[in-house]
Asker: 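Dropping the structure in here first, questions after.
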Amino acid sequence: MLLSMAVKGARDGGAEIDPIVLRDYQISPCLEIYGCKKDGECAIKDDFQQIRDRLLSADGIMIATPVFFYTVSAHLKILMDRCQSLWVKKYWIGNDVDERQQIVRKAFLIAAGATKGKKLFDGMLLSMKYFLDVLDARLENRLLCRGLDFEGDALRFPEYMDAAYRMGMEFSRSAGRIETGEPRGDG
Ligand SMILES: Cc1cc2nc3c(=O)[nH]c(=O)nc-3n(C[C@H](O)[C@H](O)[C@H](O)COP(=O)(O)O)c2cc1C
């Protein structure tokens with residue numbers, strides 16, 4: 001629901017959206033066989049390649065995920081791990097050790113968790129930072145929603161729904177702006 005609101009905001013702001021629902025695709029987990037060592041191409045051939053290409057051709061990326069055991073959903077984690085092939089391409093093959101990486105796309109995150117702890121999103125945010133780096137993206141804004149557990153819960157929080165719409169608008173305005181980012185770090 002929050003993502004739908006954000007997409008509405010983005011479309012109202014003039015963005016063209018290519019929606020990807022990960023559960024609709026067949027993507028194997030990374031098998032750590034490093035077939036990508038040669039040229040950065042993942043050796044497992046499935047729906048990953050088309051998702052990767054769609055992400056890399058986007059001006060901006062918006063990701064929505066529930067909190068599952070203090071990190072992202074398994075579907076998203078599988079995609080992240082398969083993007084290790086991009087990491088290999090960028091840092092092993094490309095030997096891209098420049099202090100400042102070029103950021104070509106901005107990313108936005110919507111996450112929902114049931115509990116209210118201060119650290120609820122810490123694990124996810126760290127994974128997200130390094131995942132986005134391989135997509136030459138940086139987290140521009142995030143909507144982190146606590147206290148959501150059951151279907152429709154988001155509707156009880158008009159402030160979350162409003163924030164999602166506004167974030168979509170912001171997404172439409174900022175997608176495509178290029179800048180340089182932080183140096184690669186060890187988090
Ligand atoms: C497998 C699983 C793991 C979960 N782990 C957490 C957790 O670590 N912390 C938390 O606050 N909520 C956790 N939850 C609750 C979900 O984050 C919560 O229900 C969320 O609102 C689901 O969002 P969705 O309906 O958009 O998928 C978990 C739920 C499931 C099914």
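Owing to the predicted nature of the structure, the values given are computational and were not obtained by experimental measurement. In each ligand, atom 1 is the first atom listed, and ligand 1 is the first ligand listed. Numbers here simply count residues along the sequence, with the first being 1.
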Asker: Identify, for atom 25 (O) of ligand 1, the protein heavy atom at the shortest distance, and state residue, atom and that distance.
Answerer: Asp149 O, 4.7 Å
Asker: Return the closest protein heavy atom for atom 31 (C) of ligand 1 as residue, atom name and distance.
Answerer: Phe68 CE1, 3.6 Å
Asker: Which protein non-hydrogen atom lies closest to atom 17 (O) of ligand 1, naming both residue and atom, and how far is it?
Answerer: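 The closest heavy atom on the protein side is Val67 O, 2.7 Å.
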Asker: Please list the nearest protein heavy atom to atom 11 (O) of ligand 1 with its residue and the distance rounded to 0.1 Å.
Answerer: Thr115 OG1, 2.7 Å
Asker: Which of the numbered atoms in ligand 1 are below 4.0 angstrom from a heavy atom of Leu148?
Answerer: 18 (C), 19 (O), 20 (C), 21 (O)
Asker: Which residue and atom name correspond to the protein heavy atom nearest atom 26 (O) of ligand 1, and how close is it?
Answerer: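 Looking at atom 26 (O) of ligand 1, the protein heavy atom closest to it is Pro66 CB, 4.5 Å.
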Asker: Can you check whether Ala114 has an N/O within less than 3.5 Å of an N/O in ligand 1?
Answerer: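 Yes, Ala114 has an N/O under 3.5 Å of an N/O on ligand 1.
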Asker: Pairs of nitrogen or oxygen atoms closer than 3.5 Å, one from Leu120 and one from ligand 1: do any exist?
Answerer: no
Asker: Give me the atom names and distance for the closest heavy-atom approach of Ala10 to Ser172.
Answerer: O-CB, 3.4 Å
Asker: Give the numbers and elements of all ligand 1 atoms closer than 4.0 Å to a heavy atom of Ala112.
Answerer: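 Result: 17 (O), 20 (C).
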Asker: Does the protein place a non-hydrogen atom closer than 4.0 angstrom to atom 8 (O) of ligand 1?
Answerer: yes
Asker: Taking all heavy atoms of Arg105 and all of Leu55, pick out the closest pair and write down the distance.
Answerer: NE-O, 3.6 Å
Asker: Quick check on contacts: which atoms of ligand 1 are under 4.0 angstrom from a heavy atom of Phe69?
Answerer: 3 (C), 4 (C), 5 (N), 6 (C), 7 (C), 8 (O)
Asker: Check whether Arg142 reaches the backbone of Phe108 with its side chain - one donor and one acceptor, N or O, closer than 3.5 Å.
Answerer: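 No.
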Asker: State whether a side-chain donor-acceptor pair under 3.5 Å links Gln50 with Tyr25.
Answerer: no
Asker: I'd like to know if the side chain of Asp153 pairs up with that of Tyr160 as donor and acceptor (distance under 3.5 Å, no hydrogens or angles considered).
Answerer: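 No pair is found: no donor N or O on one side chain lies under 3.5 Å from an acceptor on the other.
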Asker: Quick check: Tyr34 with Trp92 (ring centres under 6.0 Å apart)?
Answerer: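 Centroid separation for Trp92 and Tyr34: below 6.0 Å.
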Asker: Tell me whether Arg146 contacts the main-chain N or O of Ala114 through its side chain, where contact means a donor paired with an acceptor under 3.5 Å.
Answerer: no
Asker: Where do Asp81 and Lys77 land on the salt bridge (Lys or Arg N to Asp or Glu O under 4.0 Å) test, with the steps shown first?
Answerer: CA-CA 6 Å; Asp81 290 353; Lys77 185 60 168 60; 2.8 Å; yes
